Protein chains: 2
Amino acid sequence: MTEHVPVKGLQRSQLSNRTGCNIETIRYYENIGLMPEPPRTSKGYRLYDETHVRRLRFVLRSRELGFGINEIRGLLDLVDRKCQTCAEIQERTKPHLAEIRAKISDLRRIERLLARTIAQCSGEDVPECPILDALVA
Amino acid sequence: MTEHVPVKGLQRSQLSNRTGCNIETIRYYENIGLMPEPPRTSKGYRLYDETHVRRLRFVLRSRELGFGINEIRGLLDLVDRKCQTCAEIQERTKPHLAEIRAKISDLRRIERLLARTIAQCSGEDVPECPILDALVA
DNA sequence: CATAACTCCTGTAGCAACTACAGGCTCAAG
DNA sequence: CTTGAGCCTGTAGTTGCTACAGGAGTTATG
């Protein structure tokens, strides 16, 4: 009369499939407190539900948008406290956007430099490449 | 009659100052084989010279351009073998440029998304922010 | 019903590319 | 001669995962 079949709920692999999140990463997010500890079966298996799916999607989406773990922690805080306002969210998001724009312009600078250098390179079988010269200089 | 004054050469802090490289990073680069082991004084102090300055500058410049440690190892290999050709260098550099361009377009996608979302946000003191909605959806 | 194959559990080690610290010497100056 | 700086070493921490080892439970097939 033991209930060895999960009455309802998703196991880790199912949550993984639903969200596309690596199965090990789920446990990792739990360990660092981004995901709440789910209830367990009598044998200790994790049992997730739709709230976990939503929360994990939130986390994954935020990561995709380049938020760091701590930034996400902050966003989740706002969500959990349920007293978020547009103003608060903007406050967190705008500096992040600024960071991303800074990264983009960094990379574009690098791109221009690299492209220019490669263009100077004959691509022939001769030694003394202008790319290396640019690196050494 | 012991020579306790370094006859010639730079200590770690001086190499650090000349190149702007963090002093601990220098030892790190030595450990992983990007920098050669320098000669030592009788008491074990490292003694660098101008070749080390040049090599470290090469490494730092390459890092700035976004090359990973292993890519730099490859470039240094070419330099050391002294048989590099333009063609070889281009071969290593072009895929790297492609990577950087890919990163840029990723970031720009994120930037557009984030900027659009923030624009929808009233910035007022009301709850239910479209940014969070975008994240949850 | 036995056994193989699968999933789950835990803790821990590894990746990049550093950075920082602890504990011990050496060295130059006052 | 003592003080403080700078050097030495090995090791741990950082961020965001990913992967493995070793054990327990569960499912499928003969």
Side-chain angles (χ1 to χ4, degrees), chain A residues 2-7 9-35 37-48 52 56 58-76 96 99 103 106, chain B residues 2-7 9-35 37-48 52 56 58-76 96 99 103 106:
Chain A
T2 53
E3 280 186 10
H4 48 69
V5 174
V7 186
L10 310 161
Q11 288 190 316
R12 234 170 51 172
S13 64
Q14 294 172 310
L15 183 57
S16 169
N17 284 338
R18 289 258 191 127
T19 57
C21 182
N22 182 303
I23 197 166
E24 298 283 8
T25 305
I26 294 171
R27 192 162 58 101
Y28 169 69
Y29 285 155
E30 188 182 319
N31 283 339
I32 63 172
L34 278 198
M35 289 289 288
E37 291 187 19
R40 307 272 187 135
T41 68
S42 55
K43 298 297 176 184
Y45 284 29
R46 289 166 180 84
L47 278 185
Y48 297 102
H52 295 100
L56 185 50
F58 183 99
V59 172
L60 293 173
R61 186 117 187 77
S62 304
R63 287 291 301 131
E64 252 181 53
L65 291 178
F67 287 95
I69 297 293
N70 277 335
E71 289 174 307
I72 296 174
R73 231 186 280 276
L75 292 174
L76 285 171
H96 180 63
E99 262 178 55
K103 268 185 209 161
D106 268 13
Chain B
T2 52
E3 280 185 10
H4 48 70
V5 175
V7 186
L10 311 161
Q11 289 190 315
R12 234 168 46 160
S13 64
Q14 292 171 310
L15 183 57
S16 170
N17 282 338
R18 288 259 192 125
T19 56
C21 182
N22 181 303
I23 198 165
E24 297 283 8
T25 304
I26 293 172
R27 192 162 59 101
Y28 170 70
Y29 284 156
E30 188 183 319
N31 283 338
I32 64 171
L34 277 198
M35 289 290 287
E37 291 187 20
R40 306 273 186 133
T41 67
S42 54
K43 298 296 178 189
Y45 284 30
R46 288 167 179 84
L47 278 185
Y48 297 102
H52 295 100
L56 185 50
F58 183 99
V59 171
L60 292 173
R61 187 116 187 75
S62 304
R63 287 292 300 128
E64 252 182 52
L65 291 178
F67 287 96
I69 297 292
N70 278 335
E71 289 174 308
I72 296 174
R73 231 188 281 275
L75 292 174
L76 285 170
H96 179 63
E99 262 177 56
K103 266 184 211 162
D106 268 13

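As the structure is a computational prediction, the values presented were derived from the model and not from experiment. Below, chain A is the first sequence line, B the second, and so on; all start at residue 1.
Across all strands shown, L34(B) has no heavy atoms under 4.0 Å from either base or sugar-phosphate atoms.
Distance from the side chain of E24(A) is smallest for dC20(D) among the nucleotides dT10(C), dC20(D), dC8(D). If you check dG25(D), dT10(C), dA19(D) against the side chain of N22(A), the one that comes closest is dA19(D). The listed nucleotides are dT19(C), dA19(D), dT15(D); the one nearest the side chain of N70(A) is dT15(D). Among the nucleotides dT26(C), dT26(D), dT10(C), the one closest to the side chain of R40(A) is dT10(C).
For the side-chain contact (heavy atoms from CB on, under 4.5 Å) criterion with L56(A), the lone passing option out of L34(A), L15(A), T25(A) is L15(A).
We find that CD1 of I26(A) is positioned 12 Å from P of dC17(D), with the value rounded to whole Å. What separates OH of Y28(B) from P of dT11(D) is a distance of 16 Å, to the nearest Å. The distance between atom CD of E71(B) and atom P of dC15(C), rounded to the nearest whole Å, is 18 Å. Put simply, CG on L47(A) is 12 Å from C1' on dC8(C), counting in whole angstrom units. If you measure from atom CG of N31(A) to atom C1' of dC9(C), you get 12 Å, rounded to the nearest angstrom. Separating the CG atom of L65(A) from the P atom of dG16(D) is a distance of 14 Å, rounded to the nearest angstrom. Atom-to-atom, CE of M35(A) to P of dG16(D) comes out at 17 Å; the value is rounded to the nearest Å. At whole-Å resolution of the value, NZ in K43(B) and P in dT9(D) are 15 Å apart.
Under 4.0 angstrom from either OP1 or OP2 of dT18(D) there lies at least one side-chain N or O belonging to T25(A). Considering only side-chain N and O atoms, Y45(B) lies nowhere under 4.0 angstrom from the phosphate OP1 or OP2 of dC25(C). When the side-chain nitrogen and oxygen atoms of R46(B) are compared with OP1 and OP2 of dC8(D), one or more of them lie within a distance under 4.0 Å. Distances shorter than 4.0 Å separate none of the side-chain N or O atoms of R27(B) from OP1 or OP2 on dG10(D).
Between the OH atom of Y48(B) and the CD atom of Q14(B) there is a distance of 11.5 Å, given to the nearest 0.5 Å. The CZ atom of F58(B) sits 12.0 Å away from the CE atom of M35(B) when rounded to the nearest 0.5 Å.
Counting non-hydrogen atoms of neighbouring residues, nucleotides and ligands closer than 6.0 angstrom, the CZ atom of R63(B) exceeds 12 such neighbours.
Residues E24(A) and R27(A) are paired through a salt bridge, judged by an N-O separation under 4.0 Å between the basic side chain and the carboxylate.
Toward the 5' end of DNA chain C, the nearer of the two residues I23(A) and F67(B), judged by each one's closest nucleotide, is I23(A).
With hydrogens and angles ignored, no donor-acceptor pair under 3.5 angstrom links the side chain of Q11(B) to the base of dC27(C).
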